[in-house]
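Have a look at the structure below before the remarks.
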Amino acid sequence: MSGRKISFVHCADLHLDSPFSGLSDISPSLGAFLRKATFRAFENAVTFALKKGADFFVVSGDVYDSENRSVRAQVFFLEQLRRLSGGGIPSFIAAGNHDPLSGWEADRDFPPLAFRFGPGVESVPLLLGGERAGTVHGFSYPVREVEENMALRFSGGKGEGVNIALLHCNVGGRKGHENYAPCSLDDLRAAGMDYWALGHVHGAEVLCRDPLVVYPGTIQGRNIRETGEKGVFSVTLFPGEPGCAEFIPCDVVRWRSEDISIDGMERDEEFFQAVSDLKETVRRENGGLPALLRLSVSGRGKIHGLLRRPGFLRGPGGLLETMNEGEEDRPDFVFTEEISGVTLPPLDLDSLAAGSHFAGDFLKEVRAFRQRGDLREGLKDILRKRGILDRIQSRDVLEVIDSLSDEDTELLLDRGTWSALSGLLEGIDGV
């Protein structure tokens, strides 16, 4: 590695102009906002690189969402590369499986400091301040499906100074992603690179620290499978030391999947309050960014009847429409795109306990345990008889058990009872 510190921004899977899955019935204004989300996220990444004064910028595949790149996406991407070039920041781009070189693309010039790799592994000098600082290696998909282990082609190509490699691939056969350009972590390590700038997997992940092997994930979540913050990695490589990769959020809207349990709710008011509280929690945790929420309602209790009313969840004027009322006018909107409910009616525990079945026998044992008193000592006695207490080596765990109040123990017993009943009741008709 060269003698100077090097910093750069690593992003991948932009999927510019990608439609947001499952949002066909949203309002026109919200639809227009979401349509621009992938563009704004990438613009945020470029702005970050310019403000930070990054030495260079890398994009590890899937700039576009399909082989037939939209004109809007192509124009926008070149505009952002020109921003980088105008700021003196070189950019290196590798095409992935969604935007292979075989796809249609307007015949236009890249900015002077932008370089896109070809269909074979290439190595180009990294020039910073007029001096050779390292070597950048990369490969672009010539067609959509590449089944060869391309990592092997990087071996023996290590060049002068710091070595950064761009590869759109599936490391270790990760589920949920096509197994294109498959390779192992050992294959990547063997190539002798200082940093592997990966793409293809949509979740941010550092696979290895020495050398750094990094998936930045998609830059903007586009469906409920891509929840949480999305962005890029800001990378710093130090001569003779392990590098540093810091995740930087760049997304403009986030997907959230949340659940409300009706267990223990006695009145409809409690349910409506829980819905309101959940929305405000999501809004607060998003730190001002808007959110797309998928809500599921579960549990067993009196509120089951309310949720079963025709049209209550998703009908005209129902809960879904009510939750979204006025949200699209807020910059920090929490828009609920789907509500699902899998709930059960309340249980008559006295009737169950009187029954001749496993659930009844279980509840009889629970009641007998409660009647013995001192639930904390009873819990410890169970752990002792099963040999569990003697196997607990951590004093912290033992101290937690000793510090349990009567209320804490009651809560643990209630949770355990309901959890066990969920399994025992599956074979009993009418509950």
Side-chain angles (χ1 to χ4, degrees), residues 6-18 36 38-96 98-142 159 161-168 195 197 199 216 219-220 231-235 248 250:
I6 292 175
S7 69
F8 61 96
V9 172
H10 170 204
C11 66
D13 298 283
L14 314 181
H15 292 277
L16 295 176
D17 221 4
S18 171
K36 297 175 182 176
T38 53
F39 295 93
R40 291 177 57 197
F42 184 56
E43 186 175 16
N44 288 344
V46 170
T47 298
F48 170 78
L50 290 167
K51 288 183 177 180
K52 181 179 176 61
D55 290 319
F56 58 100
F57 192 99
V58 301
V59 186
S60 303
D62 285 359
V63 170
Y64 306 106
D65 195 51
S66 70
E67 294 181 78
N68 293 318
R69 307 135 166 85
S70 72
V71 173
R72 173 169 55 180
Q74 292 185 57
V75 169
F76 174 80
F77 184 60
L78 287 179
E79 286 176 350
Q80 298 308 306
L81 294 186
R82 290 191 186 98
R83 288 181 65 203
L84 290 168
S85 187
I89 299 177
S91 55
F92 301 89
I93 303 100
H98 275 266
D99 60 347
L101 299 177
S102 59
W104 174 79
E105 187 173 48
D107 184 14
R108 302 187 66 197
D109 294 330
F110 272 47
L113 295 184
F115 179 85
R116 183 171 63 185
F117 291 97
V121 174
E122 298 178 84
S123 301
V124 296
L126 174 63
L127 301 176
L128 302 176
E131 297 182 357
R132 176 74 176 266
T135 308
V136 183
H137 314 263
F139 153 79
S140 286
Y141 280 52
V162 64
N163 282 259
I164 289 90
L166 282 67
L167 181 60
H168 199 81
Y195 185 92
I219 202 168
Q220 169 61 61
V232 303
F233 272 97
S234 176
V235 184
I248 306 295
C250 294

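Computed from heavy atoms alone, side chains included, the values below leave out hydrogens, waters and symmetry copies.
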Quick check: does any side chain N or O of [X] sit under 3.5 Å from a backbone N or O of [Y], one acting as donor and the other as acceptor?
X: Asp99; Y: Glu67; answer: no
X: Ser60; Y: Ala197; answer: yes
X: His15; Y: Asp65; answer: no

So, do [X] and [Y] sit near enough that their side-chain heavy atoms are less than 4.5 Å apart?
X: Leu166; Y: Val136; answer: yes
X: Leu16; Y: Val63; answer: yes
X: Tyr141; Y: Ser102; answer: no
X: Ile93; Y: Leu81; answer: yes

Mutual orientation of the aromatic rings belonging to Phe8 and Phe56 [parallel < 30°, tilted 30-60°, perpendicular > 60°]:
parallel

Which side-chain N or O atoms in residues 46-53 pair as donor and acceptor under 3.5 Å with protein atoms at least two apart or in another chain?
from  : atom 1 : to    : atom 2 : distance (Å)
Thr47 : OG1    : Glu43 : O      : 2.9
Thr47 : OG1    : Arg83 : NH1    : 3.4
Thr47 : OG1    : Arg83 : NH2    : 2.9

Quick one: pull up [atom1] in [X] and [atom2] in [Y] and give me the separation to the nearest 0.5 Å.
X: His168; Y: Asp13; atom1: NE2; atom2: CG; answer: 5.0 Å
X: Cys11; Y: Asn44; atom1: SG; atom2: CG; answer: 12.0 Å
X: His10; Y: Ser234; atom1: NE2; atom2: OG; answer: 12.0 Å
X: Trp104; Y: Ser66; atom1: CH2; atom2: OG; answer: 10.5 Å
X: Leu14; Y: Phe76; atom1: CG; atom2: CZ; answer: 9.0 Å
X: Phe39; Y: Gln80; atom1: CZ; atom2: CD; answer: 10.0 Å

For the pair Val235 and Ile164, evaluate side chain to side chain contact (heavy atoms under 4.5 Å, CB included) and give the outcome as yes or no after the intermediate values.
CA-CA 11 Å; Val235 184; Ile164 289 90; over 6 Å; no

Nearest heavy-atom pair of [X] and [Y]: which atoms, and what distance?
X: Cys250; Y: Val232; answer: SG-CG2, 3.9 Å
X: Phe92; Y: Pro90; answer: CE1-CB, 4.1 Å
X: Phe42; Y: Ile219; answer: CA-CD1, 3.8 Å
X: Pro100; Y: Arg69; answer: O-NH2, 2.9 Å
X: Ser140; Y: Ala95; answer: OG-N, 2.8 Å

Assess whether atom CD of Glu79 is packed by more than 12 heavy atoms of other residues, nucleotides or ligands within 6.0 Å.
yes

Solution key, residues 108-130 side-chain donor-acceptor pairs under 3.5 Å, sequence neighbours excluded:
from   : atom 1 : to     : atom 2 : distance (Å)
Arg116 : NH1    : Glu105 : OE1    : 3.2
Arg116 : NH1    : Glu105 : OE2    : 3.1
Arg116 : NH2    : Glu105 : OE1    : 2.9
Glu122 : OE2    : Gly118 : N      : 2.3
Ser123 : OG     : His137 : ND1    : 2.6

Using side chain to side chain contact (heavy atoms under 4.5 Å, CB included), reason through Asp17 and Tyr64 one step at a time and then give a plain yes or no.
CA-CA 7 Å; Asp17 221 4; Tyr64 306 106; over 6 Å; no

